[in-house]
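Presented below is the structure to which this report refers.
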Amino acid sequence: MQIIEMKVLRSIYYTHTHFLHRNLSRTPVSLSLFSRHFHSSNPRFSLNSLETDGTQRAPHAWTAYEGLTPDLSTPTNRHKGITQGNESASGDETDADFETHRTYGKAKNANLSDGDKTQMAKNARYIPNENTDGMSRKKAFSVNGLGLGDIVGNKKKGKSRVKWVCENCGYSDGQWWGVCRSCDFSGTMKRFSEVETKNRGLEFSETLARSWLPKDTGDVEPVKLIDVNSGVKKTDYRIPLFGPFGSEVARVLGGGLVPGSLVLIGGDPGVGKSTLLLQMAALIAEGHDSGQPTCVVYVSGEESVEQISSRAERMKIGANELYLYAGTEIEDILTKIQSLSPRALIVDSIQTVYLKEITGSAGGLSQVRECTSALLRFAKKTNIPVLLAGHVTKSGDIAGPRVLEHIVDAVLYLEGEKCSSHRLLRSVKNRFGSIDELGIFEMSQLGLQVVLNPSEMFLSDQNSDSEFLAGLAVAVIMDGSRAFLIEIQALCVSSSTVSRHVNGIQASRADMLISVLAKQAGLKIQENAVFLNVVSGVSLTETAGDLAIAASICSSFLEFPIPSGVAFIGEIGLGGELRMVSRMDKRVSTVAKLGYKKCIVPMSAKKSLATLDLGELEIIGCNDLKGVINTVFTKN
């Protein structure tokens, strides 16, 4: 035998002997020499080393590559030697010692009693592979039916689902895209992993709700439509809201707050969502309909109880039965209010609460969806209305999954400009009423106050004797079921470097009206720069303001002020003709209530308005733009 071959054999023998008969009392051994044959399941290998707190580190599992087969075997005994000729060492004692030192998987030594360890040690065996033909050393370890993966620690984890969520609009997708397919923003798709867990949140809320039910909650059977509300008073269908503020909110809700409903109120930060909810809570707690105060719970996950109390003191709110609670856990909230049995529950906001059994932080997609579902089931079971405050995204949509708006019964938006004190409460979804209603408020030191005459809130004082009013016309627009009068200003300047500029009006619509005036009305305004503006920052989107825009341009171009007390309603076609618009009766009635003297409308609408009692208002019908110019811009 050559010297080189003897060195090789000695190296192989040393390797097997040193590793398989290692003394665990020795100091940590480096595995750099055995890196091509053995791999540790823990990259930070240290035999019998101590942790930083002084406790003994758990033993490690080894994976040895078998040269005769493409498989990996994972023997983990600490004192037993294994050679090519031996399958095991000296019987049950060695196997027991092998098992009692195991700390991985389901058979962890720390979790077993002495009796369990002995029983498991007796059942622990190395089982050779039957289909090896004497060539493979692949072993399978069996302990009371547990597989090797359960013992070593490579236990299969719960199924996880990867989602890509847009941080701008909340859109989710199963794969990554360069841009969001909903809002078209780039670089906003973030990766999230959701691990499937048992959802106990809904079960918990349903259990709580069942304990509150005043009647037996057995199997539900189909009921005839005529029998559903038999014996129930119509006054019990809704919770009335009294006072000017309550009447305006009830208008948007469809007549009042429906028991067992789930209402979501959204809006920009600082627009007044918390103020609106606090005023509604105080109004319900006063109990004007029942004659005695009723319990209402206001839960906030964003403010402390002291902060809410300070805001209520500033707004002069002193309801005796209004309870405040600061919490973010749904189970805790429902448990705490159980003894109070409130008439209404308010949660501010849905993005701050969470369920413990649902993965993800508060405000995440899963948390928002499941928390809303839990509160919905709670409201339906207990017949207690729940009002939620919701955050919005940059685009103005409710933050969170789109399914949130499908779960709730009503979705209200509180809108307002930073430079204005007016607030608009608009309904975009209402299962119990119309979505055409609009509530108008004004923010003050005492909270939200009702605007007494909202139709003229966008008008300014007019003075017909002033020459500076040339180019000013009044249009009548509809928002929901309300009619508003707005002012449109126009300025025509000759030899200007800017050809056209509009504010609050669609640019394409303004270009069309200017072209119609030049072609059909005969105004030579091609060489003039035209500036258009809607007063008070209102955006004019409907075609009912076409006639007022054309009248303001004519007034500025002819330098002829329009007399005060004149309003314009109508759409203009490409031929210069005047066309009717929807809700003419509502628009004209609003003009008459505000004391206007004349109203210019299409000739086809004059006949339908003849039956209305409009007082001193004179309805003037015109067929085209030339008729309007001859009627308005002539000196009597």
Side-chain angles (χ1 to χ4, degrees), residues 455-478 483-493 500-506 509-518 520-521 523 525 528 530-573 576 578-579 581 584 587-588 590-592 594-602 605 617-622 624-636:
S455 298
E456 59 179 2
M457 57 185 290
F458 300 116
L459 296 178
S460 60
D461 295 333
Q462 297 187 22
N463 185 5
S464 59
D465 298 333
S466 175
E467 61 181 1
F468 297 104
L469 290 179
L472 180 64
V474 176
V476 184
I477 63 173
M478 295 293 298
F484 298 92
L485 274 66
I486 61 173
E487 295 177 340
I488 298 177
Q489 294 176 328
L491 178 64
C492 297
V493 181
R500 192 171 294 114
H501 183 77
V502 296
N503 183 24
I505 303 174
Q506 296 179 358
R509 195 74 185 175
D511 294 341
M512 186 201 74
L513 294 176
I514 294 173
S515 301
V516 171
L517 285 173
Q520 306 297 341
L523 295 182
I525 59 176
N528 288 263
V530 180
F531 298 87
L532 295 173
N533 177 50
V534 180
V535 181
S536 300
V538 182
S539 296
L540 181 60
T541 56
E542 60 173 335
T543 58
D546 289 354
L547 187 55
I549 296 175
S552 63
I553 295 175
C554 293
S555 175
S556 177
F557 180 76
L558 300 175
E559 296 182 357
F560 191 103
I562 298 176
S564 61
V566 179
F568 300 86
I569 306 174
E571 179 183 354
I572 299 178
L578 302 186
R579 299 176 177 270
V581 293
M584 286 293 299
R587 300 174 195 264
V588 174
T590 302
V591 173
L594 295 179
Y596 277 69
K597 304 300 181 182
K598 296 180 181 180
C599 184
I600 311 299
V601 298
L617 179 65
E618 179 184 359
I619 302 297
I620 302 176
C622 299
D624 51 21
L625 283 176
K626 290 184 179 181
V628 175
I629 295 175
N630 295 331
T631 302
V632 178
F633 302 100
T634 56
K635 294 182 179 181
N636 296 330

Flag the pair [X] / [Y] as yes when at least one side-chain heavy-atom distance between them is below 4.5 Å, and no otherwise.
X: Asn528; Y: Val493; value: no
X: Asn503; Y: Val534; value: no
X: Glu618; Y: Lys597; value: no
X: Ile486; Y: Val535; value: no
X: Glu487; Y: Leu459; value: yes

*asked:* Under the ring pair (Phe, Tyr, Trp, His ring centres under 6.0 Å) definition, can you give me all pairs with a residue in residues 541-560, not counting sequence neighbours?
replied: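 Qualifying pairs: Phe560-Phe633.
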
*asked:* Checking Leu540 against Ile549 for the side-chain contact (heavy atoms from CB on, under 4.5 Å) test, could you report, in this order, the C-alpha distance in whole Å, the side-chain angles of both residues, the deciding distance, and whether it holds?
replied: CA-CA 10 Å; Leu540 181 60; Ile549 296 175; 3.8 Å; yes

Gap between atom [atom2] of [Y] and atom [atom1] of [X] - 0.5 Å precision:
X: Met584; Y: Cys599; atom1: CE; atom2: SG; value: 6.5 Å
X: Lys598; Y: Phe568; atom1: NZ; atom2: CZ; value: 10.0 Å
X: Ser555; Y: Leu472; atom1: OG; atom2: CG; value: 8.0 Å
X: Glu542; Y: Arg509; atom1: CD; atom2: CZ; value: 11.0 Å
X: Ser552; Y: Ile562; atom1: OG; atom2: CD1; value: 7.0 Å
X: Leu532; Y: Ile553; atom1: CG; atom2: CD1; value: 4.5 Å

*How would you list, by chain and number, every residue that makes a ring pair (Phe, Tyr, Trp, His ring centres under 6.0 Å) with Phe531, sequence neighbours excluded?*
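Ring pair (Phe, Tyr, Trp, His ring centres under 6.0 Å) check on Phe531 returns nothing, list empty.
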
*Who pairs with Phe458 by ring pair (Phe, Tyr, Trp, His ring centres under 6.0 Å), at least two apart in sequence or on another chain?*
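Counting only residues at least two positions away or on another chain, Phe458 forms a ring pair (Phe, Tyr, Trp, His ring centres under 6.0 Å) with Phe484.
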
Closest heavy-atom pair and its distance - [X], [Y]:
X: Ser556; Y: Cys492; result: OG-N, 2.9 Å
X: Ala548; Y: Ala473; result: O-CB, 3.4 Å
X: Gly576; Y: Val516; result: CA-CG1, 3.9 Å
X: Arg587; Y: Val476; result: NH1-O, 3.0 Å
X: Ala475; Y: Gly545; result: CB-CA, 4.2 Å

*Evaluate the criterion side-chain contact (heavy atoms from CB on, under 4.5 Å) for residue pair Ile600 and Val632; output intermediate values, then yes/no.*
CA-CA 9 Å; Ile600 311 299; Val632 178; 4.3 Å; yes

_Quick check on side chain to side chain contact (heavy atoms under 4.5 Å, CB included): which of Val628, Val581, Ile569 does Leu547 satisfy it with?_
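Only match with Leu547 under side chain to side chain contact (heavy atoms under 4.5 Å, CB included): Val628.
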
*Under a 4.0 Å N-O cut-off, is there an ion pair linking Arg579 with Asp546?*
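No, no charged N to carboxylate O under 4.0 Å.
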
*Show the numbers, then the answer: is there a side-chain contact (heavy atoms from CB on, under 4.5 Å) between Val474 and Val566?*
CA-CA 7 Å; Val474 176; Val566 179; over 6 Å; no

